[in-house]
Structure formats: structure tokens, C-alpha cells
Amino acid sequence: MTAARDLANRLLDAQVDYVLAELKGERLTELVAQFVDEALAAGETIPLERVVDAQRMKVIGKRLLVQLGESPLVDDIAVALADGLYDMQASEAQTLGEVLEREPVEALVARFLSLRTLHERTLDRLTESPLVAVVASKFVAQIVADLVAQNRARAERVPGMSSLLSIGTSAANRVRSPFDQLLGDAADKGAQYALRRTNNAIRELLRDAPLQQAAMELWDLHAEEPIGDLREYLSRQELRDVILIVLEVLATARSTDFAGAVVDACVDVLLEHYGARDVTGLIAELGIQRDDLVEDAVALATPVLETAEAEGVLAALVRSRLGPFFFSPAVLDLLGEKK
């Protein structure tokens, strides 16, 4: 090895030691703080639209939408998170009312019940479905049947009435078959009518009945109970199944032209509203403080750097990055290597 190369190697060793010292302890905190301060100072004069390329962001967004949706890891993480949330000990220690305040819940219920256009449009579209009409017809018929059964039960309490009703039922059964077809035809023809009546009843219920008060009474019943009691509404396996089905529904839409249009619209809206604002100002308005940035960066980087150094990976990485410079022809020439 020539004297120049030996000197270059010793300089490289010194440089690696220096860099490693910069990436630990108090020096790392100082280094990160300096970087954050310089970045925030520069961001005060740079608008968002200068550092965010709209077309590139759209391309990246669409690619991530497809790539993340195709990864089986997404399903695994979603199910694992669902299980973790289902079993959280905190769900036993806190009530629903302690987590969610009553006032905003009441405002949400009131707002939903006041969405007249949504209600009207939904009910109007329901009338266009023959199957929904049949369901409504059966719903009305069931109510009538229940009323008849209740009245019969009351009548049978009268002495002698039970035998009389039994004779009537026996006679009715003998002529039931011809009338079954007649009633079936009438039900089919009256399905749309039944649906209209059902829709009108729902409209009146939404418009006049104290639904908001009823909804809040239901909320109050749950608000004093532990959040974990909500498991009674959904088993662990049912929750898993619902999440996987939702992910599958989203997966069918992620690569469509509409999904791409949504990404484009989001980027356009972001830049339209905030493109002229400086980056540092936007970061501050998001509630992100300078000290938090420094603390979080150091906290995240420290265990990674310490592990990499303990395994000898960090020093090798630094050396591989700096070595080409110290052994470049230009540096060796400066160090006196003869050509």
C-alpha cells in the first residue's frame, strides 16, 4: 500500500469514528436539533406548492393505493388490531360516557335526524325495489297478525270463548287453501301500497316522534357501562369477518378510475387551499412543536442506531459511504500519490 493510500485509510478511520460519535448521546440530540431548526427556518420562506409536486404526489398516491391493497399484510394487521382492541383492558376500566362526551353525541344524533333530503331520497329509492316492497308488505302483515293474536289471547280469557274460537278456527282451516292463493295475490298487488304506507309511517316517525330523546336515552343506558360491555353486540369472530369484508369491498375499488380521481381531487384540494402557505407555518398550525420534533426524532433514531452499532452494521455502512471519497483519484492525488 502506498503512503497516500495508507493516509487515506487512516483518514477514513478517523472520519468513521467522528460520524459514529455524532450519532449517539447528547451529540445526536444536538445534531437533530440543529437539523430541525435549519429546516424550520428554511420552511418559513418556502410555500408548500414549491416542495410538493402535484403530479408526482398523484402518481405516488395511486401507486400506494394499489400496492397496499394487494399486500396480505394489510389483512393480517387489520385482524390483529381488531383482536387487540377487542381485548383491551382499558375497556373494562372506563365507561363509554367517560370517553365520549354527551353533548357532541347529542348534536350528531340531532343532525342526522334533520337530514330530510337524505331520508326522503332513501325512502324514494326503496319504493323502486320490488323485493323491498314485498318485505314491507310482510312487515305490515306481521303487525296485523300480531294484533289479531293479541286480541285472540285476550278473548280466550272470557269463559266459553276458547271453545267458540276453536270451532271457528277448525272451520276456517277447511276453507283455508282457496283463500291462501287469493290472499297471496292480494299481497303481491298490495306490496307497493304497503311500502308506501310503511315509508309514510317512517317519515312521520322521523318528523314528529321524539326519536332524538329516545336515542339519547339509549346512549345514557350505555354511557354508564364499561366500554367492554359493547362486546355483547359483536363477537370476536364477527368483528374479524366484518373487517375482512370491508377490506375486500375497498380492494375491489382501489384500482378503479374513480379511486384515482379521488386521489387527484385530494391533492388538488390540498394545494388549492394551502399551496401558498409556508411549510413551517402549516406545521405549527397542525400543532406540531419544534421540541416535539426533536424529541420524537431522537427517540425513534436512538434504538435503531444503537442496535446497528452493536451489530457492526453502522460502522460498515458509514465506511462504505465515505470510502469511495477518500480513495478517489482526486483525494489520493492531494495526498501525494504518484501517478
Side-chain angles (χ1 to χ4, degrees), residues 1-43 46 48 50-53 56-85 88 247 254 279-280 282-283 286-339:
M1 178 182 294
T2 65
R5 288 183 174 273
D6 179 64
L7 180 57
N9 194 55
R10 286 187 286 135
L11 287 172
L12 176 58
D13 290 340
Q15 183 68 52
V16 170
D17 292 340
Y18 175 82
V19 171
L20 293 179
E22 291 278 284
L23 298 178
K24 66 178 64 173
E26 292 297 324
R27 186 61 189 128
L28 175 62
T29 302
E30 295 174 2
L31 187 65
V32 172
Q34 180 181 353
F35 174 79
V36 170
D37 289 338
E38 291 174 352
L40 292 177
I46 301 176
L48 181 65
R50 285 185 57 189
V51 296
V52 175
D53 185 294
R56 175 53 55 185
M57 288 295 295
K58 292 176 181 179
V59 171
I60 294 174
K62 294 172 185 175
R63 185 178 70 243
L64 290 176
L65 194 65
V66 174
Q67 290 176 339
L68 293 178
E70 293 177 346
S71 173
L73 185 61
V74 174
D75 291 354
D76 293 341
I77 292 176
V79 172
L81 288 175
D83 288 346
L85 294 174
M88 278 200 318
L247 289 175
R254 67 175 184 269
V279 176
T280 300
L282 287 174
I283 293 175
L286 287 173
I288 302 174
Q289 303 298 321
R290 177 265 184 194
D291 291 344
D292 293 334
L293 288 173
V294 174
E295 182 179 351
D296 293 341
V298 172
L300 291 172
T302 297
V304 176
L305 294 172
E306 288 179 348
T307 302
E309 183 178 14
E311 297 293 330
V313 176
L314 185 59
L317 178 62
V318 174
R319 182 176 296 276
S320 68
R321 296 295 298 172
L322 297 177
F325 167 75
F326 283 99
F327 290 99
S328 65
V331 173
L332 291 175
D333 183 59
L334 291 174
L335 296 177
E337 184 173 66
K338 298 179 180 180
K339 296 181 181 180

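The side chain to side chain donor-acceptor pair (under 3.5 Å) search around Q289 returns none, not counting sequence neighbours. Annotation: side chain to side chain donor-acceptor pair (under 3.5 Å) contacts of D53 (sequence neighbours excluded): none. Residues forming a side chain to side chain donor-acceptor pair (under 3.5 Å) with R10 (at least two apart in sequence, or on another chain): D6.
Between L314 atom CG and L305 atom CG the span is 6.0 Å, to the nearest 0.5 Å. For the atom pair CG of N9 and CZ of F326, the computed distance is 10.5 Å after rounding to the nearest 0.5 Å. Expressed to the nearest 0.5 Å, how far OG1 of T2 lies from CG of L7 amounts to 9.5 Å.
Side chain of T302 to main chain of A299: no donor-acceptor pair is present (N/O by atom type, distance under 3.5 Å, no hydrogens or angles).
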Which donor-acceptor pairs under 3.5 Å do side chains of residues 11-21 form with protein atoms, sequence neighbours excluded?
from, atom 1, to, atom 2, distance (Å)
D13, OD1, R319, NH1, 2.9
D13, OD1, R319, NH2, 2.7

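A pairwise comparison of heavy atoms in A297 and V32 identifies CB-CG1, 3.7 Å as the closest pair. Closest approach of L335 to A4, counting heavy atoms only: CD1-O, 3.6 Å. Summarising the geometry of A78 relative to L247, their closest heavy-atom pair is CB-CD1, 3.6 Å, with the distance given to 0.1 Å.
Contacts classified as salt bridge (Lys or Arg N to Asp or Glu O under 4.0 Å) and involving residues 289-299 (residues at least two apart or in different chains) are given here: D37-R290. Screening residues 305-315 for salt bridge (Lys or Arg N to Asp or Glu O under 4.0 Å) gives K24-E309 as the qualifying pairs, with residues at least two apart or on separate chains.
Between V51 and L48, some side-chain heavy-atom pair lies under the 4.5 Å cut-off. Using a 4.5 Å cut-off on side-chain heavy atoms (C-beta onward), L300 and V304 make no contact.
No more than 12 heavy-atom neighbours from other residues, nucleotides or ligands sit within 6.0 angstrom of CZ on R321.
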Step by step, work out the side chain to side chain donor-acceptor pair (under 3.5 Å) result for E30 and Q34. CA-CA 6 Å; E30 295 174 2; Q34 180 181 353; over 6 Å; no

